[in-house]
Amino acid sequence: MALKSDATRWGSLAKFFHWTIVLLILAQAIIGLVMVELPKRPSSIPVYSFHKSLGITILALAVLRLGWRLFDPRPREVAGMPHWQALGARLGHVLLYVLIFAVPLSGWLFDSASSLRPLYWFNLFPLPNLTGGKNEAVKEFAEGAHELLFWVLVVVAAGHAAAALIHHFHNRDETLVRMLPWRNRAGRAPSSEVS
Ligand code: HEM
Ligand code: HEM
């Protein structure tokens, strides 16, 4: 399977980034929601540290994904998609790109402004403090932003996933299938090739 996308198919690297980030965000959301319910005890610290390290990993993958996207233009929309729908999808994708940066960055900002402990990536190497120490105002803002942006991500991603499923089950086009990792290896013709 080709690494790069072409006019009708997503390349394997674009698919890898898409689905890895989806799975990690799902795991991260569950960990985050459970974590804030834990008693504020030293025994909860490893869970927080894991959440922060996994979040930084998602941020790094988002940077790599966007970098790769600059060299790897997306395929055309499948044939026959109305203009308003293509525009709505693009807008949703831009929002999702913004959110996979904004959610982890707001978490990192909150951690920096709280300045409880130095931030390490999986105990391996330290990460910079974004605020240069404790900052109560930024802490409060970033805490609220992290939670709010997370819920915005949930809503936009749910709409995005619903649109993909409608394309698959209602319109019966290739939109979802051509993003799936195990498809297109044998080169099943996407519908736009026969338009
Ligand atoms: C895509 C990445 C991330 C997702 C989806 C995510 C998701 C969440 C969620 C759902 C919560 C619970 C919010 C609540 O109900 O109050 C949370 C809390 C938290 N997150 Fe993240 N997070 C991400 C990245 C990060 C990063 C990179 C850091 C820090 C480096 C971080 C630090 C925190 C902290 C410290 C809390 C606890 C907030 C509090 O005590 O109110 N998160 N996160
Ligand atoms: C956290 C969840 C998700 C995020 C952040 C996300 C993000 C994105 C982004 C940014 C794109 C545009 C790619 C580009 O133009 O470079 C995209 C495309 C796509 N996503 Fe997702 N996605 C998520 C979940 C899902 C789920 C659950 C499904 C399936 C049910 C899905 C199906 C698709 C499909 C089919 C495309 C290609 C659309 C097209 O060809 O126009 N995504 N996704």
Side-chain angles (χ1 to χ4, degrees), residues 5 8-11 13-15 17-38 40 44-45 47-62 65-66 68-70 72-78 81 85-86 88-114 116-117 119-121 127 129-130 139-140 142-169 173-180 183 190 192:
S5 307
T8 53
R9 289 172 209 181
W10 290 99
L13 205 51
K15 290 181 184 181
F17 281 130
H18 182 270
W19 293 109
T20 309
I21 290 176
V22 172
L23 290 179
L24 293 184
I25 287 181
L26 199 66
Q28 179 73 339
I30 296 168
I31 296 166
L33 293 171
V34 171
M35 174 181 93
V36 291
E37 300 302 327
L38 295 176
K40 298 259 176 282
S44 305
I45 293 177
V47 184
Y48 275 79
S49 301
F50 185 77
H51 178 83
K52 293 172 194 175
S53 295
L54 190 61
I56 296 291
T57 311
I58 295 170
L59 180 62
L61 283 168
R65 178 179 186 179
L66 200 63
W68 175 242
R69 176 71 154 80
L70 300 177
D72 187 49
R74 50 156 294 134
R76 288 193 302 266
E77 273 82 21
V78 296
M81 194 188 288
Q85 219 179 75
R90 289 294 169 96
L91 192 77
H93 296 163
V94 170
L95 250 172
L96 288 168
Y97 272 119
V98 169
L99 288 162
I100 58 175
F101 281 85
V103 173
L105 275 174
S106 58
W108 189 354
L109 193 65
F110 172 61
D111 179 75
S112 296
S114 312
L116 294 175
R117 294 172 292 280
L119 180 61
Y120 274 82
W121 187 74
L127 291 157
N129 184 302
L130 302 177
K139 180 184 155 191
E140 237 170 72
E143 186 176 17
H146 191 55
E147 192 179 354
L148 177 70
L149 288 168
F150 166 72
W151 287 110
V152 175
L153 171 63
V154 169
V155 170
V156 179
H160 168 77
L165 294 175
I166 290 170
H167 273 284
H168 189 72
F169 291 108
D173 66 26
E174 291 278 324
T175 305
L176 177 60
V177 170
R178 71 180 187 173
M179 185 45 113
L180 297 179
R183 297 303 284 262
S192 53

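First listed ligand is number 1; within each ligand, the first listed atom is number 1.
- Atom numbering of ligand 2 starts at 1 in the shown order; those under 4.0 Å from a heavy atom of R65 are 8 (C), 9 (C), 10 (C), 11 (C), 13 (C).
- Contact between P73 and S5 at its shortest, heavy atoms only, is O-CB, 3.7 Å.
- Ligand 2 is approached by W19 to a heavy-atom distance shorter than 4.0 Å.
- If you look at atom 21 (Fe) of ligand 2, the protein N, O or S atoms less than 2.8 Å from it are H18 NE2, H160 NE2.
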Exercise. Can K139 and L109 be said to form a side-chain contact (heavy atoms from CB on, under 4.5 Å), step by step?
Worked result: CA-CA 7 Å; K139 180 184 155 191; L109 193 65; over 6 Å; no
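- To the nearest 0.5 Å, atom OG1 of residue T175 and atom CG of residue L165 are 11.0 Å apart.
- Minimum heavy-atom separation, Q28 to I58: CB-CD1, 3.9 Å.
- In this structure, the side chain of H168 does not engage the main chain of E174 through any donor-acceptor pair within 3.5 Å.
- Residue-to-ligand polar distances keep T175 apart from ligand 2: every N/O pair is separated by 3.5 Å or more.
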Tabulated below should be the N or O atoms of ligand 1 paired with protein N or O atoms at under 3.5 Å; can you produce that?
| unit_1 | atom_1 | unit_2 | atom_2 | d |
| --- | --- | --- | --- | --- |
| ligand 1 | 20 (N) | H51 | NE2 | 2.9 |
| ligand 1 | 20 (N) | H146 | NE2 | 2.9 |
| ligand 1 | 22 (N) | H51 | NE2 | 2.9 |
| ligand 1 | 22 (N) | H146 | NE2 | 2.8 |
| ligand 1 | 41 (O) | E143 | OE2 | 2.5 |
| ligand 1 | 42 (N) | H51 | NE2 | 2.9 |
| ligand 1 | 42 (N) | H146 | NE2 | 3.0 |
| ligand 1 | 43 (N) | H51 | NE2 | 2.9 |
| ligand 1 | 43 (N) | H146 | NE2 | 2.8 |

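- Residue contact check: R178 has heavy atoms under 4.0 Å from atoms 40 (O) of ligand 2.
- Near R69, meaning under 4.0 Å from any of its heavy atoms, are these atoms of ligand 2: 14 (C), 15 (O), 16 (O).
- Counting heavy atoms of neighbouring residues, nucleotides and ligands inside a 6.0 Å radius, atom OH of Y120 does not exceed 12 of them.
- Closest heavy-atom contact between W10 and K15: O-CE, 3.4 Å.
- Under 4.0 Å from ligand 2, not a single heavy atom of F17 appears.
- Proximity of a side-chain donor or acceptor of W19 to a complementary backbone N or O of M179 within less than 3.5 Å is detected.
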For this session: Check the pair W108 / K52 against side-chain contact (heavy atoms from CB on, under 4.5 Å), numbers first and verdict last.
Result: CA-CA 8 Å; W108 189 354; K52 293 172 194 175; over 6 Å; no
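- Taking R69 as the reference, nothing meets the salt bridge (charged side-chain N to carboxylate O under 4.0 Å, His left out) condition, with sequence neighbours excluded.
- Side-chain atoms of W121 come within 3.5 Å of backbone N or O of S53 as a donor-acceptor pair.
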Can you list, pair by pair, the side-chain donor-acceptor contacts under 3.5 Å of residues 148-162, counting residues two or more places apart and other chains?
none

